[in-house]
Asker: 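One structure follows; several queries about it will come next.
Letters go in sequence order (proteins before strands), and every chain restarts at 1. This is a predicted model, so every value here is computed, not measured.
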Number of protein chains: 2
Amino acid sequence: MARSYRIGELARQVDVPVATIRYYEREQLLPKPNRSAGNFRLYSEAHRDRLVFIRQCRSLDMTLEEISSLLKLKEDPQSSCEQVNSLIDDHIADVTRRVAQMQRLKQDLESLRRRCDSTRSAGECAILAGLLAARPERPHPGD
Amino acid sequence: MARSYRIGELARQVDVPVATIRYYEREQLLPKPNRSAGNFRLYSEAHRDRLVFIRQCRSLDMTLEEISSLLKLKEDPQSSCEQVNSLIDDHIADVTRRVAQMQRLKQDLESLRRRCDSTRSAGECAILAGLLAARPERPHPGD
DNA sequence: CTTGACTCTGAAGTTACTACAGAGTGCTCA
DNA sequence: TGAGCACTCTGTAGTAACTTCAGAGTCAAG
């Protein structure tokens, strides 16, 4: 008789909020578990393994859609490593781009910050002036 | 007689979507402009300058709340450079933390990717196995 | 007048959660 | 048995910074 877990137990084991587990079920990342007579969710070891997988992917900043794709590949006997590799490669490329952007942003900020080395009024602030002078680029470098 | 701009003109000048300009007004980052007889918004040069400021700050990944604070400092004759510096420093520290996180994430991904150098079925994929084996950390390194 | 581009407002959607409200369950202890 | 507390349930709304959609009005040119 395989043991089962209530949602709070599972949440503590995997270190994830209860609400997030319910959210993943709604988003169909986690299958619906069995229920107790009192309608409490009863999770299996397989559920726990799947949740661990999802959280590990999230820690690698993969989107829920990407994770869903990986889960499908994992369960499809016809799929290959090639498809997994491709998905991971795309994700790496995206993260690489975002790292470069964040570093540029950091440099821009430090450059801006160096404009001000004295205590003046905000009306004369070289930082604020700098924010007016430059042509803005397309924002959202961090997302 | 200072010229005024309709919203589409302003949007093109500053390279920002029309909907975003309206959004900034709703969020009270931009003051309500005058209106034409047909209820069209009529923006001034001051509006345009303010919008440029906002977009430059966004390009530095500052939150709307931070930008609002800067705008208030800019307009308050009692405020000092010190307050601007403090805000920028806090933001730089935040961005620095996020860059470091993103770099760790990139390394983790590349490490994971190196596990797979052959074409096997997904059922035997070393990447997928790696996503099951490791203990997940708290996600959201990128936000 | 018609047409097409533009404008308006309000509401809803995006992503990945998170919090809240109100009601039900289960377990322990007196 | 009943109380009390921790836990669970569902549905809804909120977060940040937008973005899209629907339906209606304006404006300028042909």
Side-chain angles (χ1 to χ4, degrees), chain A residues 4-30 32-43 47 51 54-69 71 91 94 98 105 136-143, chain B residues 4-30 32-43 47 51 54-69 91 94-95 98 105 136-143:
Chain A
S4 58
Y5 310 96
R6 288 206 299 212
I7 195 166
E9 292 173 282
L10 181 63
R12 277 185 295 275
Q13 280 189 38
V14 187
D15 188 28
V16 49
V18 161
T20 306
I21 298 176
R22 291 200 198 98
Y23 172 67
Y24 289 156
E25 184 184 321
R26 284 201 299 281
E27 296 295 312
Q28 294 177 6
L29 285 183
L30 276 180
K32 288 184 192 299
N34 293 332
R35 296 285 180 130
S36 70
N39 202 31
F40 285 20
R41 291 169 172 82
L42 300 176
Y43 292 99
H47 278 105
L51 184 59
I54 292 165
R55 296 305 281 179
Q56 177 67 358
C57 290
R58 284 296 303 131
S59 75
L60 298 173
D61 208 47
M62 295 169 82
T63 63
L64 295 191
E65 187 169 357
E66 282 170 329
I67 296 165
S68 184
S69 297
L71 286 167
H91 184 56
D94 182 55
R98 281 152 58 197
L105 163 62
E137 302 171 14
R138 266 268 174 217
H140 291 249
D143 62 357
Chain B
S4 59
Y5 309 97
R6 288 206 297 213
I7 195 167
E9 291 173 282
L10 182 63
R12 278 184 294 275
Q13 281 189 38
V14 188
D15 187 27
V16 50
V18 162
T20 307
I21 299 177
R22 290 200 199 100
Y23 172 70
Y24 289 157
E25 183 184 320
R26 284 202 299 281
E27 296 294 312
Q28 296 179 5
L29 285 183
L30 277 180
K32 287 183 194 301
N34 293 331
R35 296 288 183 126
S36 70
N39 202 33
F40 284 20
R41 289 169 173 80
L42 299 177
Y43 291 98
H47 278 104
L51 183 59
I54 291 164
R55 295 306 281 178
Q56 178 67 359
C57 290
R58 285 296 304 131
S59 78
L60 297 172
D61 208 46
M62 297 170 79
T63 64
L64 295 193
E65 188 171 354
E66 282 171 328
I67 296 165
S68 183
S69 296
H91 184 57
D94 181 54
V95 168
R98 281 153 56 200
L105 165 60
E137 301 170 14
R138 266 270 173 219
H140 292 252
D143 63 0

Asker: Select base, sugar-phosphate, or nothing to describe what A/R26 touches, counting heavy atoms under 4.0 Å on all strands.
Answerer: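 The residue A/R26 makes base contact.
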
Asker: Take the protein atom CD of B/E25 and the nucleotide atom P of C/dT7, then report the distance between them rounded to whole Å.
Answerer: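 Interatomic distance, CD of B/E25 to P of C/dT7: 14 Å.
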
Asker: Can you see if the side chain of A/R41 gets near the phosphate of D/dT8 - specifically, an N or O under 4.0 Å from OP1 or OP2?
Answerer: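 No, A/R41 has no side-chain N/O under 4.0 Å of OP1/OP2 on D/dT8.
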
Asker: Let me know the distance between NZ of A/K32 and C1' of D/dT8, rounded to the nearest Å.
Answerer: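 Distance, rounded to whole Å: 16 Å.
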
Asker: Between A/L42 and B/T20, name the one whose nearest nucleotide on DNA chain D is closer to the 5' end.
Answerer: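 Taking each residue's closest nucleotide, the earlier one in sequence belongs to A/L42.
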
Asker: Between D/dC18 atom P and B/D15 atom CG, what is the distance in whole Å?
Answerer: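 Between P of D/dC18 and CG of B/D15: 13 Å.
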
Asker: Over how many whole Å does the gap from B/E27 atom CD to D/dC18 atom P extend?
Answerer: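 About 10 Å, once rounded to whole Å.
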
Asker: Answer yes or no: does a side-chain N or O of B/R58 lie under 4.0 Å from OP1 or OP2 of D/dC18?
Answerer: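 Indeed, a polar side-chain atom of B/R58 lies that close.
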
Asker: Taking only N and O in the side chain of B/Y23, is any of them less than 4.0 Å away from OP1 or OP2 of D/dA16?
Answerer: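 The answer is no; no side-chain N or O of B/Y23 sits under 4.0 Å from OP1 or OP2.
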
Asker: Rounded to whole angstrom units, what separation is found between the CD1 atom of A/I21 and the C1' atom of C/dA16?
Answerer: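 In whole Å, C/dA16 C1' lies 15 Å from A/I21 CD1.
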
Asker: Where the side chain of A/I7 is defined as all heavy atoms beyond and including C-beta, which of D/dT8, C/dT18, C/dG26 is the nearest nucleotide?
Answerer: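 My answer, after comparing the listed nucleotides, is D/dT8.
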
Asker: Ignoring hydrogens and geometry, is there a side-chain-to-backbone donor-acceptor pair from A/H91 to A/L60 under 3.5 Å?
Answerer: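 Side chain of A/H91 to backbone of A/L60, a donor-acceptor pair under 3.5 Å: yes, one is there.
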
Asker: Specify the residue among B/F40 and B/T63 whose closest nucleotide of DNA chain D lies further upstream toward the 5′ end.
Answerer: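 Counting from the 5' end, the first nearest nucleotide belongs to B/T63.
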
Asker: Kindly point out which of C/dC17, D/dT19, D/dC18 is positioned nearest to the side chain of B/P17?
Answerer: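 Comparing C/dC17, D/dT19, D/dC18 against the side chain of B/P17, the answer is D/dT19.
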
Asker: Any idea which of D/dC18, C/dC17, C/dT18 is nearest the A/R55 side chain?
Answerer: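 For the A/R55 side chain, the nearest candidate turns out to be C/dC17.
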
Asker: Between B/R12 (CZ) and C/dT7 (C1'), how many Å, whole number?
Answerer: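 So the two atoms are 12 Å apart, to the nearest Å.
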
Asker: Please check if the side chain of B/R22 supplies one atom and the backbone of B/R26 the other of a donor-acceptor pair under 3.5 Å.
Answerer: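 No: the side chain of B/R22 does not pair with the backbone of B/R26.
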
Asker: A quick test of your reading: do over 12 heavy atoms of other residues, nucleotides or ligands sit less than 6.0 Å from CD of A/E9?
Answerer: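 Enclosed: over 12 neighbouring heavy atoms sit under 6.0 Å from CD of A/E9.
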
Asker: Just call it for A/R6: base, sugar-phosphate, or nothing, with non-hydrogen atoms closer than 4.0 Å on any strand.
Answerer: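 If one applies the 4.0 Å heavy-atom cut-off, A/R6 turns out to touch the sugar-phosphate alone, with no base involved.
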
Asker: So which one's nearest nucleotide on DNA chain C is more toward 5', A/R22 or A/A37?
Answerer: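 Result: A/R22.
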
Asker: Is the closest side-chain donor-acceptor distance between B/Y24 and B/R55 under 3.5 Å?
Answerer: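 Yes, side-chain donor-acceptor contact under 3.5 Å.
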
Asker: Do any side-chain nitrogens or oxygens of B/Y24 fall under 4.0 Å of OP1 or OP2 in D/dA17?
Answerer: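 For D/dA17, OP1/OP2 do not have a side-chain N/O of B/Y24 under 4.0 Å.
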
Asker: Identify the two heavy atoms, one from A/G8 and one from A/V18, that lie closest to each other, and give their separation to 0.1 Å.
Answerer: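 Of all heavy-atom pairs spanning A/G8 and A/V18, the closest is CA-CG2, 4.1 Å.
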
Asker: A/Y43 OH to D/dC7 C1': how many Å, rounded?
Answerer: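 In whole Å, D/dC7 C1' lies 14 Å from A/Y43 OH.
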
Asker: C/dC27 P sits how many Å from A/E9 CD, rounded?
Answerer: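 From A/E9 CD to C/dC27 P: 11 Å.
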
